[in-house]
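Down below is the structure, laid out as structure tokens.
One-based numbering, in listed order, for ligands and for the atoms of each. A quick note: this is a predicted structure, and the numbers were derived from the prediction, not measured.
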Amino acid sequence: MRLILLGPPGAGKGTQAKILVEAYGIPQLSTGDILRSAIAAQTPLGLEAKAIVDRGDLVSDAIVNGIVSERLDAEDCKPGFILDGFPRTIAQAEALDQMLADKGIALDAVIEIKAEADELVKRVINRAKESGGARADDNEEVLRKRLGVYSEQTAPLVAYYTERGLLKAVDGMAPVEEVTAAIKSALGR
Ligand code: ADP
């Protein structure tokens, strides 16, 4: 099963991805997690990405496309994968289409997790408190920036994947277990 989880910051992509990893036995590929690990380890990639991620902007398509392309070649992705936080722009979606075509594989579905902006702000502020400020980009000012970036650059992917017959929307305002159930039912398994 090859899936994309699409949705604004705080919609619950990471939470659902972790549940689906267990349910389907396929890995979660989170570009945000990969970037945060690189930043923590101060690798050349991390040093380049840090200021961009901290202010809520998108890292360049070339960087994230490279990360994903390499990651998709790993053995654990053979049975499938859950992309979380990628693609985030139309250019990334087009690059992904090309990568998958080159590898001779195709997506099964794109799950859009929908949520209201006010609730997202509450959740992310809460996540910041609970994690003791682990993420430099989880504060209200940067979050508003990320929400703006989402609606400008990422929301157009809803139409992109609808046109390709891949989009399935679920209500991210429901309790976690209900969102999981809605995703499984949308996938028919
Ligand atoms: P969110 O909680 O906002 O969904 P993520 O953990 O997915 O956040 O990503 C955090 C940050 O990492 C983004 O704000 C961005 O700076 C960077 N990032 C993650 N994925 C991508 C991507 N596909 N393209 C560009 N930048 C990305």
Side-chain angles (χ1 to χ4, degrees), residues 3-21 27-72 81-100 107 110-131 133-158 160-161 170 172 176 179:
L3 290 182
I4 292 175
L5 296 183
L6 189 63
K13 299 183 299 290
T15 302
Q16 294 300 326
K18 287 181 176 66
I19 298 171
L20 298 173
V21 161
Q28 169 193 15
L29 274 60
S30 160
T31 43
D33 285 350
I34 293 169
L35 290 168
R36 279 186 290 277
S37 301
I39 291 170
Q42 300 189 330
T43 65
L45 164 66
L47 294 173
E48 189 176 345
K50 181 172 171 26
I52 304 169
V53 171
D54 285 357
R55 68 170 182 262
D57 275 324
L58 294 184
V59 172
S60 78
D61 290 339
I63 289 183
V64 289
N65 291 343
I67 292 174
V68 171
S69 173
E70 193 177 311
R71 185 65 188 83
L72 288 178
F81 49 79
I82 301 164
L83 281 168
D84 159 12
F86 181 94
R88 252 181 162 87
T89 64
I90 294 284
Q92 290 177 17
E94 288 168 350
L96 176 64
D97 283 345
Q98 189 61 53
M99 281 175 223
L100 297 176
L107 292 169
V110 177
I111 306 284
E112 182 201 3
I113 307 182
K114 297 168 83 86
E116 288 157 20
D118 289 350
E119 171 69 14
L120 297 172
V121 176
K122 275 190 226 151
R123 287 185 188 178
V124 173
I125 302 294
N126 201 34
R127 176 166 80 189
K129 279 193 200 124
E130 284 177 359
S131 69
R135 275 181 63 166
D137 62 344
D138 271 357
N139 61 71
E140 185 153 358
E141 192 192 336
V142 178
L143 173 65
R144 300 244 175 235
K145 171 73 186 264
R146 284 155 59 207
L147 288 170
V149 168
Y150 182 84
S151 48
E152 275 166 35
Q153 306 208 49
T154 309
L157 295 178
V158 170
Y160 184 90
Y161 288 116
V170 300
V176 172
V179 179

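- Pairs engaging residues 37-47 under the salt bridge (charged side-chain N to carboxylate O under 4.0 Å, His left out) rule: none recorded [sequence neighbours left out].
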Result block: side-chain N/O donor-acceptor pairs under 3.5 angstrom for residues 3-11, not counting sequence neighbours:
none

Which pairs of donor and acceptor atoms, one on a side chain in residues 33-41, lie under 3.5 Å apart (sequence neighbours left out)?
residue	atom	partner	partner atom	Å
D33	OD1	R36	NH2	2.9
S37	OG	D33	O	3.0

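- Salt-bridge annotation for R144 and E140: present, with a side-chain N of the basic residue lying under 4.0 Å from a carboxylate O of the acidic one.
- Under the 3.5 Å distance criterion, with hydrogens and angles disregarded, a donor-acceptor pair is assigned to the side chains of T89 and D61.
- Nearest heavy-atom pair across G85 and R88 is O-NH1, 2.8 Å.
- Sorted by chain and number, the heavy-atom contacts of ligand 1 below 4.0 Å come from P9, K13, T31, G32, L35, R36, V53, D57, L58, V59, V64, G85, F86, R88, Q92, R127, R135, D137, R146.
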